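Everything below concerns the one structure shown next.
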Amino acid sequence: MRIIDQNGYDYPYESIVISHGDGMIYARPVSNMEKRYFLARYSTEEKAEKAMQKLRECYLGIHVVEKLNDTVDCSSLSQIGIYKKNENGDYAYKLPAGEKIFRFPQDDEL
């Protein structure tokens with residue numbers, strides 16, 4: 001899975017530890033926990049927690065998705081990829097092969 005920060009920089013999820021506090025979300029490389037990279041900034045801690053929840057939903061959804069024909073409801077997730085309409089006319093998210101990406105939403109998107 002790939003993580004895209006609010007500035008468009010890409011991080012491998014499996015190689016970082018993500019934390020938050022005071023409305024900020026950071027990544028620390030597993031190989032060097034002394035470094036810290038800014039991923040997202042929010043006007044409130046509640047928005048930062050909501051963004052972290054979306055990240056968890058995306059991560060968990062991807063594992064479920066791999067077992068359910070690679071389709072998951074994306075209405076509440078900030079993901080990049082191919083969208084298609086399902087039988088009800090709602091948009092569903094189709095994960096391209098090998099593409100598992102979460103983009104941290106901007107403050108005004110939460």
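The structure displayed is predicted, hence computed values, not measured ones. FYI, side chains are in, hydrogens and waters are out, and symmetry mates aren't considered; it's all heavy atoms of this structure. By convention here, the first residue in the shown sequence is residue 1.
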Q: Would you check, one step at a time, whether the test side-chain contact (heavy atoms from CB on, under 4.5 Å) holds for Ile3 with Asp10?
A: CA-CA 6 Å; Ile3 303 294; Asp10 187 346; 5.9 Å; no

State, to 0.1 Å, how close [X] and [Y] come at their nearest heavy-atom pair, and which atoms those are.
| X | Y | answer |
| --- | --- | --- |
| His20 | Glu45 | ND1-OE2, 2.5 Å |
| Phe38 | Asp5 | O-OD2, 3.5 Å |
| Asp107 | Arg41 | CB-O, 4.3 Å |
| Ala48 | Ile25 | O-CD1, 3.7 Å |
| Gln6 | Ala40 | OE1-CA, 3.2 Å |
| Phe104 | Ala51 | CD2-CB, 4.1 Å |

Hey, what do you get for [atom1] ([X]) to [atom2] ([Y]), rounding to the nearest 0.5 Å?
| X | Y | atom1 | atom2 | value |
| --- | --- | --- | --- | --- |
| Lys50 | Tyr42 | NZ | OH | 10.5 Å |
| Lys54 | Leu110 | NZ | CG | 6.0 Å |
| Met33 | Ile16 | CE | CD1 | 10.5 Å |
| Glu109 | Arg103 | CD | CZ | 9.0 Å |
| Ile18 | Leu55 | CD1 | CG | 5.0 Å |

Q. Is the number of heavy atoms from other residues, nucleotides or ligands within 6.0 Å of CG (Asn32) greater than 12?
A.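 Atom CG in Asn32 is crowded, with more than 12 foreign heavy atoms closer than 6.0 Å.
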
Q) Under 4.5 Å between any side-chain heavy atoms of Tyr26 and Met24, yes or no? A)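 Heavy-atom side-chain distance check passes, below 4.5 Å.
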
Q) Can you check whether Pro29's main-chain N or O pairs, donor with acceptor, with Tyr11's side chain at less than 3.5 Å? A)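 Not a single qualifying donor-acceptor pair exists.
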
Q.
Given 3.5 Å as the limit, does a donor-acceptor pair link the side chain of Asn7 with the main chain of Tyr9, or not?
A.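 Between the backbone of Tyr9 and the side chain of Asn7 there is no qualifying donor-acceptor contact (under 3.5 Å).
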
